[in-house]
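Here the structure is laid out as structure tokens; the discussion comes afterwards.
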Amino acid sequence: MLVDIDTNGQFRLEPDFIRQYEDRPVPWGFGALSWITYKRTYSRNGEQWWQTCRRVIEGMFTVQRVHCLERGLEWDEKKARRRAREAYERMFRFKWTPPGRGLWIMGTRFMYERGGTALNNCGFVSTRDIDTNYAAPFVWMLRMSMLGVGIGFDTRGKDKVTIRQPEVAEESHTVGDSREGWGEAVQRLLNAYVGEAALPREWDLSQVRPAGAPLRSFGGVASGPAPLRRMLEDLNSLYSSYEDHNVDARLIVDTMNLIGRCVVAGGTRRSAQVAFGEPGDTQFLDLKRNREKVSDYRWVSNNSILAQVGMDYREAAQRTAENGEPGYLWLDNARAYGRMKEEPDWADAHAQGSNPCVEQTLWDRELCTLVETYPAHHDDYPDYRRTLRIAYQYAKTVTLVGTGAPRTDAVMKRNRRMGCSMTGIVQAVNKFGYRTFIEWCDSAYEYLQELDRSYSQWLHVPRSIKTTSVKPSGTVSILAGATPGVHWEHAPYYIRRVRVAENHPLVEMCRDAGYRVEPGAYADDTMVISLPVHIRGLSRGKGEVPLWEKVDLAAQMQRYWSDNQVSCTAEFDPETEAEDLPRILSAYEDRLKAIVFLPSVGHGYEQPPYEAISRDEHKE
């Protein structure tokens, strides 16, 4: 047990305090859309919101309590209880929340026993060392993804290994019904094609629990053996086609994508990936031009390039104008700078990439610890400071929980990296004014550094290498009714699509309620629910905001708030703004660390998350 609650006990809020919230109306930001998103994604075993808040807060303070008791550090129960009550109240009212993974797993027995991997949204793994252990980065990605962690990866391992014709053993390989068992199967298959193992005569999947069986510890339901069988067959076919050829960027990305597709089919788990390639690798740049492969599995990852300040952006931007890829990560900016207003300190010199939404710089096999705040849900700056202290405390607490993976623990214990994020930024700008909000960001960042000094000293852990970011906050912001990250609201009227496992009770509930429910275009076991949204009093939807203004807001947040990155997907009009992409990239290459673009129409994606509709369509 990584957090020993059996010996040290758990922190508990008083029943009388909790009782006052049991019948209190929840301030769902988007009504039915918020409730459906919560029930699909974050409610464990039929929880209500007040119960989720209780589980999270009690888990957060239990981790702190155990950490202090085991090390003989100061622990003030009365002070902790007072702060826990305030943390609960502010979470219930959506002034702050954990990230999605924290909402799902914080305070569960699974987390105490298995560690903090599932508390982290995302991670990064490099393929640079595949010549010494070929399967390792792919298996790490599989195991992390099966715990709900989105993964970024690079193609640095290309040309380092030659694929061989594998030996075939006489015996079969029985796949264990666990993350470890699935990882061992993938490891054996991949190593067989580099001469480090033999393929089994057949894969015995009889021990894998059937589709729909409950995952009692982690939560959700099992996908059954079918996605695993398909992944093993497709990986075998892919590697057979590479015999006597060097590993290239395409093989690395396709391997990761096939594994990710398998994980997406796993009920509650949802995989996210980003692949990083070199700007001059045309094979990598053209991966999304094969529509058949994109439809089958290359949709799993967003693809970005490791851009260089001063490069010629025209060729890459031409592809970006087609479907939004590649995105751009200026890794040297991320390594050198915290906030872009400060002098470079190269505190992140060993960073290799980022998480899938690029708000966190990451080292090889590092995970990102995130937390969300909603500045527009506050009355004034002192009110926001009180929330920020709670949010910081949550994120620092997550860094106290080991993952059980030695290499990951080593880098995370050293860096103690976190991303205290803001969402609903455009709402905050509209509420408080642009200049006032930027002053908030600047002052709040300095306040976080004060908190990190005092809390790190109390907990006897290193200072955090970086502390702030802006995450895209897709589904968590839906609960609170916040515009996601630095993005504007989509339109006055739009469809918001929610993906749900086909066997989830919400499918029939929403169909009976009259919502459109249809099979997912990219995953066989997924249904898509379309929910109409009306934003009252909206002055400008994102289609009315110039591309330059979207990019500039991201640059301002990178300058005054985020010492990690700002996740920004800037939509553009392909008819009038596509030609501006190279100039924008050149103009902002020394003011940003990352940026992604997406054409507002013609991007080729079926069932996009957002789709503008007319007032009459919304009424219908």
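What you see below is based on every heavy atom in this structure, not just the backbone, and it leaves out hydrogens, waters and symmetry mates. No experiment lies behind these values; they were computed from the predicted model shown.
- Geometrically, Arg81 engages Phe11 in a cation-pi contact defined by less than 6.0 Å to the ring centre and at most 45° from the axis.
- Leu479 places a side-chain heavy atom less than 4.5 Å from the side chain of Leu103.
- Ring-plane geometry between Trp440 and Tyr384 is classed as parallel, the angle between the planes falling under 30 degrees on a 0 to 90 degree scale with a further cut at 60.
- Between the side chain of Asp4 and the backbone N or O of Thr7 there is at least one donor-acceptor pair closer than 3.5 Å.
- Without hydrogens or angle criteria, Ser473 side chain to Val476 main chain gives no donor-acceptor distance under 3.5 Å.
- Checked by atom type and distance alone, the side chain of Ser421 pairs as donor or acceptor with a backbone atom of Lys471 at under 3.5 Å.
- In this structure, Arg339 fails the cation-pi test against Trp561, since its NZ or CZ atom is not both closer than 6.0 Å to the six-membered ring centre and inside 45 degrees of the ring normal.
- At distances below 3.5 Å, at least one donor-acceptor pair connects side-chain atoms of Arg416 with backbone N or O atoms of Lys413.
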- Task: Go through Glu22 and Arg54 one step at a time and tell me if the salt bridge (charged side-chain N to carboxylate O under 4.0 Å, His left out) criterion holds.
- Result: CA-CA 11 Å; Glu22 292 180 6; Arg54 180 178 190 173; 6.0 Å; no
- For Tyr560 and Tyr445, what are the C-alpha separation, side-chain angles and deciding distance, and is it a side chain to side chain contact (heavy atoms under 4.5 Å, CB included)? CA-CA 8 Å; Tyr560 290 103; Tyr445 181 83; over 6 Å; no
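- For the residue pair Ser477 and Tyr374, no side-chain donor N or O sits within less than 3.5 Å of a side-chain acceptor on the partner.
- A distance-only check finds no donor-acceptor pair linking the side chain of His504 to the backbone of Ala501 [under 3.5 Å].
- Contact detail for Asn564 and Thr361: the closest heavy-atom pair is OD1-N, 3.8 Å.
- Here the side chains of Glu372 and Trp96 are not in contact, with every heavy-atom distance at 4.5 Å or above.
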- Between Glu47 and Tyr42, is a side-chain hydrogen bond (donor to acceptor under 3.5 Å, both in side chains) present by the stated rule, with each step listed? CA-CA 9 Å; Glu47 278 179 338; Tyr42 305 121; over 6 Å; no
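- Exactly one residue among Arg83, Arg65, Arg82 makes a salt bridge (Lys or Arg N to Asp or Glu O under 4.0 Å) with Glu77. That residue is Arg65.
- Heavy-atom contacts from other residues, nucleotides or ligands closer than 6.0 Å to CG of Asp6 number more than 12.
- A distance-only check finds a donor-acceptor pair linking the side chain of Arg55 to the backbone of Met106 [under 3.5 Å].
- The main-chain N or O of Ile478 is found under 3.5 Å from a side-chain atom of Ser34 such that the two form a donor-acceptor pair.
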- Dump the intermediate steps for side-chain hydrogen bond (donor to acceptor under 3.5 Å, both in side chains) on Thr174 and Gln207, then the final yes or no. CA-CA 8 Å; Thr174 301; Gln207 292 188 8; 5.2 Å; no
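- Screening Arg417, Gln449, Lys396 for a side-chain hydrogen bond (donor to acceptor under 3.5 Å, both in side chains) with Ser464, the sole residue that qualifies is Lys396.
- Annotation for Met141 and Met256: closest pair CE-O, 3.4 Å, computed over non-hydrogen atoms.
- With Thr37 contributing its side chain and Leu33 its backbone, the two residues share a donor-acceptor pair below 3.5 Å.
- Between Leu329 atom CG and Leu306 atom CG the span is 6.0 Å, to the nearest 0.5 Å.
- The shortest side-chain heavy-atom distance between Asp364 and Val411 does not fall under the 4.5 Å cut-off.
- The shortest side-chain heavy-atom distance between Thr408 and Trp140 falls under the 4.5 Å cut-off.
- Looking at Tyr337, its side chain never comes within 3.5 Å of a backbone N or O of Arg559 through a donor-acceptor pair.
- Inter-residue side-chain proximity for Phe61 and Thr397 is flagged as unmet; no heavy-atom pair is nearer than 4.5 Å.
- The shortest distance between side-chain heavy atoms of Asn8 and Glu70 falls below 4.5 Å.
- Between Trp458 and Trp75 there is a side-chain heavy-atom pair separated by less than 4.5 Å.
- The NE2 atom of His350 sits 14.5 Å away from the CG atom of Leu362 when rounded to the nearest 0.5 Å.
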- Might you work through the side chain to side chain contact (heavy atoms under 4.5 Å, CB included) test for Thr62 and Tyr112, ending with a clear yes or no? CA-CA 10 Å; Thr62 293; Tyr112 297 134; 3.6 Å; yes
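- Classification of the Phe92-Tyr88 ring pair by plane angle, with boundaries at 30° and 60°, yields parallel.
- Not one N or O on the side chain of Asp154 forms a donor-acceptor pair closer than 3.5 Å with the backbone of Phe276.
- Counting non-hydrogen atoms of neighbouring residues, nucleotides and ligands closer than 6.0 angstrom, the CD atom of Glu14 exceeds 12 such neighbours.
- Val66 and Arg71 make their closest contact through O-NH1, 4.5 Å (heavy atoms, listed as atom of the first residue, atom of the second, distance).
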- Task: Show the numbers, then the answer: is there a side-chain hydrogen bond (donor to acceptor under 3.5 Å, both in side chains) between Arg499 and Thr526?
- Result: CA-CA 6 Å; Arg499 284 159 174 78; Thr526 299; over 6 Å; no
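- Looking at heavy atoms from C-beta onward, Tyr455 lies out of side-chain contact with Gln64 at the 4.5 angstrom threshold.
- The environment of Gln20 atom CD is dense: over 12 non-hydrogen atoms of other residues, nucleotides or ligands sit within 6.0 angstrom.
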- side chain to side chain contact (heavy atoms under 4.5 Å, CB included) evaluation trace for Met144 with Thr117: CA-CA 7 Å; Met144 294 294 165; Thr117 298; 3.3 Å; yes
